[in-house]
Chemist: 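Provided herewith is a single structure, encoded as structure tokens, for subsequent inquiry.
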2 protein chains.
Amino acid sequence: MATRRAPPPRPGPCRLCPVRPLALFRPVSEAELDAIATTRATVRLLRAGEAVLRRGEGADIVLTLFAGWAFAYRVLPDGRRQIGEIFLPGDLIGTRGAASDPVEAVTDASVCVLSRARLRAMLDDHPALAVSFAQLVARANALLSERLASLGRRDAVQRLGALMLELAARQNAGVPPKDEDVAMPLRQTQLGDALGLSAEHVNRALAALRRDRLLTLRSRTLRLHDPERLARLCGWDPTYLAEPPAL
Amino acid sequence: MATRRAPPPRPGPCRLCPVRPLALFRPVSEAELDAIATTRATVRLLRAGEAVLRRGEGADIVLTLFAGWAFAYRVLPDGRRQIGEIFLPGDLIGTRGAASDPVEAVTDASVCVLSRARLRAMLDDHPALAVSFAQLVARANALLSERLASLGRRDAVQRLGALMLELAARQNAGVPPKDEDVAMPLRQTQLGDALGLSAEHVNRALAALRRDRLLTLRSRTLRLHDPERLARLCGWDPTYLAEPPAL
DNA sequence: CGTCTTTTTGACTACTGTCAAGCGCTGTGG
DNA sequence: CCACAGCGCTTGACAGTAGTCAAAAAGACG
């Protein structure tokens with residue numbers, strides 16, 4: 001996804017933004033486009049591992065992930081970490097304001113920075129965008145609910161399989177591709193923090209999935225050999241990934 | 001909260017709605033009030049255990065919980081159940097459209113039913129309401145993230161304690177009250193489904209909390225004897241409960 | 001007062017975590 | 001082009017938390 005050398009991809013003009021369709025799930029009018037272009041304040045380029053959003057920073061800004069992966073996390077007093085939302089290009093970061101969890105870049109990444117005040121003005125002027133905004137938040141909600149079900153009621157192998165299916169699907173228009181490479185830059189430690197497992201146990205679960213010839217995962221690349229069977233094994237149903245409705 | 005005999009409380013006119021402040025976290029203008037009053041279509045009264053929202057029904061309607069408690073849940077193919085959002089009066093139900101999880105009433109309950117089409121029209125006409133709507137969804141998001149952290153990184157006692165703190169706080173303007181009774185209508189089976197534990201293990205965790213004189217829970221009533229100590233024990237930080245920001 | 005649900009308790013099993021070590025790929029520097 | 005350093009991945013042994021199964025006690029309801 002990104003070497004040490006090359007800088008992260010820099011977003012171009014909003015008008016031509018290639019990730020907007022991913023973000024809004026619908027065509028955007030000229031007037032809306034102008035509003036969006038005016039609202040974007042700056043761009044940030046980040047290295048893998050760097051902080052994308054610090055604690056409290058969400059009070060002032062909202063971000064759109066343009067390229068790369070990132071995740072929100074929470075650290076408990078005893079030091080254990082839980083990864084919440086996993087962000088892919090097009091996702092909104094910091095929608096919860098000051099209460100937003102800190103966000104870290106998985107890979108080199110770039111984000112568009114929107115000031116909260118301007119975003120607010122934009123949404124007030126364009127109600128349809130406000131509704132789209134709400135839909136995006138609702139979709140994030142759906143992803144969280146699914147993961148909650150994973151942590152609550154699936155065993156380690158199923159959790160891992162379900163997450164692989166989800167992340168593959170989100171990179172492939174909602175459908176996990178069969179026998180095609182997709183990016184999978186999360187390390188096993190991070191997978192553990194996302195799934196509520198120890199890194200060692202993630203490794204064992206991964207070994208089980210490999211042994212059953214359900215997937216291949218090497219050098220940050222994932223390939224699902226039999227998504228249907230994997231989905232059955234994990235009790236995974238892609239419905240929750242569906243695009244938000246017209247409201 | 002409700003006996004077999006008495007019917008659930010029936011909502012009165014929107015104009016006088018006592019739960020609106022809980023729901024929107026802000027004053028509402030006259031024009032907005034009119035829009036809200038026009039948008040509400042019908043009211044539903046429900047008995048404990050009944051379905052509040054069935055699978056797919058969210059495509060057509062959105063609900064506001066007026067009285068009683070409810071929860072969204074998901075059933076895995078093997079029959080295990082995971083409870084997601086727990087709804088208290090003022091909360092929105094069905095914001096994810098057709099992808100919304102089914103919702104069941106914990107106690108007798110009443111809900112205001114909004115048709116999705118009318119809601120859409122209302123939000124288009126009143127951008128500030130659209131923004132408020134997004135904030136409500138974002139808040140639901142915050143609650144889910146917190147529970148995700150619980151299921152991922154807290155043990156049984158901490159999970160249960162954190163949930164008790166949250167539900168007590170949500171009934172008390174965001175602060176868990178000390179030595180005061182609050183409603184706690186969830187059965188141990190339901191607590192287990194919410195926390196990713198077996199009902200038996202919930203019981204054991206509850207016994208531990210009682211033994212340490214941290215809380216009392218009898219006949220659907222909870223009393224926290226030392227919220228601070230409990231919060232420390234559970235690594236619980238109420239920040240995530242904060243009202244949504246002005247965006 | 002009898003029935004059904006919910007809560008408790010106990011014994012045993014199983015999944016996952018922890019600790020420890022060894023392996024291997026990647027990138028660095030000679 | 002090769003040796004070295006580091007981080008990440010694997011594997012094994014053992015401990016601990018939580019699940020399952022079974023059954024009794026305690027409430028709730030009619």
Side-chain angles (χ1 to χ4, degrees), chain A residues 1-6 47-49 76 78-82 106-108 150-161 164 184-211 215-222 233-234, chain B residues 1-6 47-49 76 78-82 104 106-108 150-161 163-164 184-211 215-222 233-234:
Chain A
M1 179 106 269
T3 66
R4 267 286 126 192
R5 290 283 119 75
R47 290 297 180 185
L76 296 184
D78 63 6
R80 284 176 298 183
R81 181 168 82 161
Q82 177 64 44
V106 176
T107 65
D108 289 354
S150 255
L151 298 215
R153 294 304 187 204
R154 288 201 255 248
D155 68 23
V157 172
Q158 294 176 316
R159 283 184 216 181
L160 180 60
M164 294 300 98
M184 190 46 245
L186 293 166
R187 290 126 184 55
Q188 293 183 2
T189 303
Q190 295 168 333
L191 289 173
D193 286 341
L195 298 171
L197 298 169
S198 64
E200 295 91 333
H201 208 68
V202 167
N203 187 285
R204 288 186 259 262
L206 199 50
L209 291 173
R210 282 199 255 249
R211 180 164 12 83
L215 57 76
T216 306
L217 176 54
R218 314 172 22 215
S219 49
R220 311 287 110 89
T221 301
L222 169 69
L233 171 69
C234 301
Chain B
M1 178 107 267
T3 66
R4 267 285 129 195
R5 290 280 121 74
R47 289 299 181 185
L76 295 184
D78 63 7
R80 285 177 297 182
R81 180 169 82 160
Q82 177 65 43
E104 176 180 317
V106 176
T107 65
D108 290 356
S150 255
L151 298 214
R153 293 306 188 202
R154 287 201 256 249
D155 68 24
V157 171
Q158 294 177 315
R159 282 183 217 182
L160 181 59
L163 185 60
M164 294 300 98
M184 190 48 245
L186 293 165
R187 288 123 186 56
Q188 293 183 5
T189 302
Q190 295 168 333
L191 288 173
D193 286 341
L195 297 172
L197 298 169
S198 65
E200 296 90 332
H201 207 68
V202 168
N203 187 285
R204 289 186 259 263
L206 200 49
L209 291 174
R210 282 200 256 251
R211 179 165 15 80
L215 56 76
T216 306
L217 177 54
R218 312 174 24 215
S219 49
R220 311 285 111 90
T221 301
L222 169 68
L233 171 70
C234 301

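Every chain is numbered from 1, with letters handed out A, B, ... down the list of sequences.
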Chemist: Indicate, with a heavy-atom threshold strictly under 4.0 Å, whether Gly192(B) touches base, sugar-phosphate, or nothing.
Modeler: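 The residue Gly192(B) makes no contact with any strand.
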Chemist: For Arg220(A), report the nucleic acid contact type (base, sugar-phosphate, nothing); a contact means any heavy atom under 4.0 Å.
Modeler: sugar-phosphate
Chemist: Specify the separation, in whole Å, of atom CG of Leu151(B) and atom P of dG19(D).
Modeler: 11 Å
Chemist: Taking C-beta and beyond as the side chain, do Leu191(B) and Leu197(B) meet within less than 4.5 Å on heavy atoms?
Modeler: no
Chemist: Output the rounded distance in Å from CZ (Arg80(B)) to P (dA18(D)).
Modeler: 16 Å
Chemist: Want to settle it: does Ala207(A) or Gly152(A) sit nearer the 5' end of DNA chain D, counting the closest nucleotide to each?
Modeler: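 Result of the comparison: Ala207(A).
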Chemist: For Leu217(B), run the side-chain contact (heavy atoms from CB on, under 4.5 Å) check against Leu160(B), Leu186(B), Leu209(B), Leu222(B) and tell me which one passes.
Modeler: Leu222(B)
Chemist: Please classify the nucleic acid contact of Arg210(B) as base, sugar-phosphate, or nothing, using heavy-atom distances under 4.0 Å.
Modeler: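 Arg210(B): backbone/sugar contact only, no base atoms under 4.0 Å.
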Chemist: Side-chain contact test, heavy atoms from C-beta onward, threshold under 4.5 Å: evaluate it for Arg81(B) versus Gln190(B) and give yes or no.
Modeler: yes
Chemist: Using a 4.0 Å heavy-atom cut-off across all strands, classify Asn203(B) as base, sugar-phosphate, or nothing.
Modeler: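 Since a base atom lies under 4.0 Å of Asn203(B), the category is base.
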Chemist: Find the distance Leu186(A):CG to dC9(D):P and express it as a whole number of Å.
Modeler: 10 Å
Chemist: Take the protein atom CG of Asp193(A) and the nucleotide atom C1' of dG8(D), then report the distance between them rounded to whole Å.
Modeler: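 Distance check: Asp193(A) CG to dG8(D) C1' gives 14 Å.
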Chemist: Ser198(A) has a side chain; which of dT11(D), dT16(C), dG17(C) sits nearest to it?
Modeler: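 When the side chain of Ser198(A) is considered, dG17(C) is the closest of dT11(D), dT16(C), dG17(C).
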Chemist: Decide yes or no for Thr216(A) and Arg218(A): does some side-chain heavy atom of the first lie under 4.5 Å from some side-chain heavy atom of the second?
Modeler: yes
Chemist: Got a donor-acceptor pair under 3.5 Å from the side chain of Arg187(B) to the base of dT8(C)?
Modeler: no
Chemist: Which whole-number value in Å describes the distance from Leu195(A) CG to dC15(C) P?
Modeler: 18 Å
Chemist: Go nucleotide by nucleotide along DNA chain C from the 5' end; which of Leu206(B) and His201(A) gets its closest nucleotide reached first?
Modeler: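 First, find each residue's nearest nucleotide; the 5'-ward one identifies Leu206(B).
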Chemist: Is any side-chain heavy atom of Gln82(B) closer than 4.5 Å to a side-chain heavy atom of Leu76(B)?
Modeler: no
Chemist: Reading DNA chain C from 5' onward, which residue's closest nucleotide shows up sooner: Gly196(A) or Ser219(A)?
Modeler: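 The 5'-side residue here is Gly196(A).
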Chemist: Are Asp78(A) and Arg153(B) ion-paired here, with the side-chain N under 4.0 Å from a carboxylate O?
Modeler: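 Looking at Arg153(B) together with Asp78(A), the answer is no, because their closest N to O distance does not fall below 4.0 Å.
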Chemist: Below 3.5 Å, does any donor atom in the side chain of Glu200(A) face an acceptor in the base of dC9(D), or the other way round?
Modeler: no
Chemist: Would you say dC7(D) has OP1 or OP2 under 4.0 Å from some side-chain N or O of Gln188(A)?
Modeler: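 The answer is no; no side-chain N or O of Gln188(A) sits under 4.0 Å from OP1 or OP2.
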Chemist: Once you round it to whole Å, what is the distance between P of dG19(D) and CZ of Arg154(A)?
Modeler: 17 Å
Chemist: To the side chain of Arg204(A), which of dT8(C), dG10(C), dA13(D) is closest?
Modeler: dA13(D)
Chemist: Check the distance between dC9(D)'s P and Met184(A)'s CE and give it to me in whole angstrom.
Modeler: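 Going from Met184(A) (CE) to dC9(D) (P), I get 10 Å.
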Chemist: Checking all strands, does Gly49(B) fall into the base, sugar-phosphate, or nothing category for heavy-atom contacts under 4.0 angstrom?
Modeler: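 Touches nothing.
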Chemist: What's the closest nucleotide to the Asp155(A) side chain, out of dT10(D), dG19(D), dT16(C)?
Modeler: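 Among dT10(D), dG19(D), dT16(C), the one nearest the side chain of Asp155(A) is dT16(C).
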Chemist: Please report the distance, rounded to the nearest Å, between CD in Gln190(B) and P in dT7(C).
Modeler: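 About 9 Å, once rounded to whole Å.
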